[in-house]
Amino acid sequence: MDKKLVFFGGTFDPPHAGHVEAADACIRELSPDKIIVMPDFIPPHKKTFFAASPERRLEMCKIAFSGKKGVSVSDEEIKSGEKSYSYITIKKLAERYKDYKIYFLMGTDMLVSFGEWKNPEEILRFSEPLLVVRGGEGQTAEETIAEFKKKFSSPVTALGFCGKDISSTEYKFRLMLGLDTDGFLTEETDAYIKREEIYKADEKFVYVRENLKQTRVEHTLGVMLLAIKYAKRLGVDTEKAMTAALLHDCAKYSRPEDFGTAFDGVPEPVAHQYLGAYVAENILGVKDEEILNAIRYHTSGRPCMTLLEKIIYTADVLERGRNFDGVEYLRKTTDEDFETGFLTVLSWCFAHVSKSKKQVYGLTEKAVEYYKIKEKI
Ligand SMILES: [Fe+2]
Ligand SMILES: [Fe+2]
């Protein structure tokens, strides 16, 4: 069995530069006879943001990996029309390619949850993990690999290559928000997506793009990515988190009179939360009260907030573009425990406004009372 076959599965929605670099590293370091790139079938109930059709994902893979030695793109999982399980695909490949040693390409970040996959032992019976080192959260790649080896007593091959941390989701959001997408994809894939308008911005993205300055759009993107991360971790609907984050500052530069409305007694920095909810509901057709409330109270907070409201409130303060003194401490606290993090962020914001001698908005006072954080400051 000296012939080598690498199985490279994934959603590839779209295939990004990190995927292509992983294939290049494989070719360079392992010289496999075959690399089979196989986009998976996405079950209808699986939540993905702005999923491209299976045909488009296949086509994008063909473009992204074109001209690479030994690489072919397979429609096998997509054609099957049902949820793709790696153990089934790997077993089929092992039966078909009897004289090949099969490698299963994946990122070290995926090893962490490997034990929760369907029939992990079956995967390891027919193939060997071929690892691209990727920065996950918490432990280092070496620790992850060591833990995996101990748990599954399986050999692994690690490529001497550190994969770029690229997110297909971020690429799609950037594209739809009109931000630059340089370096995310191969030029050919990027050009194909733009030419064919595969990921078309809906009216909410268009509204944000057309009504906010670029720096505010970048901030919005940061809030979206962080809110989705928190939502995933806390079991909150990621679609709702995405929409609320996208629209939270949509009225940042608008005035109530522009829409023939008024918010009396609301300090100027707070007014845009109410106006944002107004725009979301009346102009962009958002009817979900949970989403509207997350927008409506994202600056002030309020007593008895829902988890979604807390997520948007916290992500707004901690998104990656923020660099005020103490932000790292707040991020760490929130990563360790979300509720504690939220309370710490709320108290930090309250102290910040109080110190600046600006008027503290009544609702914020009430939130601080409600969560009994005054004495903690
Ligand atoms: Fe805001
Ligand atoms: Fe914001």
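Note that the structure is predicted; figures quoted are calculated from it, not measured. Positions are given from 1, in the same order as the sequence printed here. Only this structure's heavy atoms are used, side chains among them; waters, hydrogens and symmetry mates stay out. Counting starts at 1 for both ligands and their atoms, in listed order.
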Next item on the list: State which residues pass salt bridge (charged side-chain N to carboxylate O under 4.0 Å, His left out) with Asp202; sequence neighbours excluded, sorted by chain then number.
Entry: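 Residues passing salt bridge (charged side-chain N to carboxylate O under 4.0 Å, His left out) with Asp202: none at all.
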Notebook entry, point to check: the Fe ion (ligand 2) is nearest to which N, O or S atom of His219?
Noted result: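 For His219, the N/O/S atom sitting closest to the Fe ion (ligand 2) is NE2.
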Checklist line | Audit row: Glu77, Thr89, side chain to side chain donor-acceptor pair (under 3.5 Å) steps and yes/no | finding: CA-CA 8 Å; Glu77 285 192 351; Thr89 307; 2.5 Å; yes
Notebook entry, point to check: Does a donor on one side chain sit under 3.5 Å from an acceptor on the other, for Gln273 and Ser300?
Noted result: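 Short answer, yes.
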Margin query: Checking Lys194 against Thr181 for the side chain to side chain donor-acceptor pair (under 3.5 Å) test, could you report, in this order, the C-alpha distance in whole Å, the side-chain angles of both residues, the deciding distance, and whether it holds?
Written below: CA-CA 11 Å; Lys194 287 175 180 161; Thr181 53; 3.0 Å; yes
Check: Are Leu93 and Trp117 joined in one hydrophobic group, where the rule is that I, L, V, M, F, W and Y side chains link up if heavy atoms are under 4.5 Å apart?
Finding: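 Yes, it is one cluster - the side chains of Leu93 and Trp117 are joined through contacts under 4.5 Å.
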Next item on the list: Please step through side-chain contact (heavy atoms from CB on, under 4.5 Å) for the pair Leu179 and Phe173, ending with a clear verdict.
Entry: CA-CA 8 Å; Leu179 296 169; Phe173 290 163; over 6 Å; no
Next item on the list: Everything protein-side that's N, O or S and under 2.8 Å from the Fe ion (ligand 1): list it, residue and atom.
Entry: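 Those protein N, O or S atoms (cut-off: under 2.8 Å from the Fe ion (ligand 1)) are Asp249 OD1, His272 NE2, His298 NE2.
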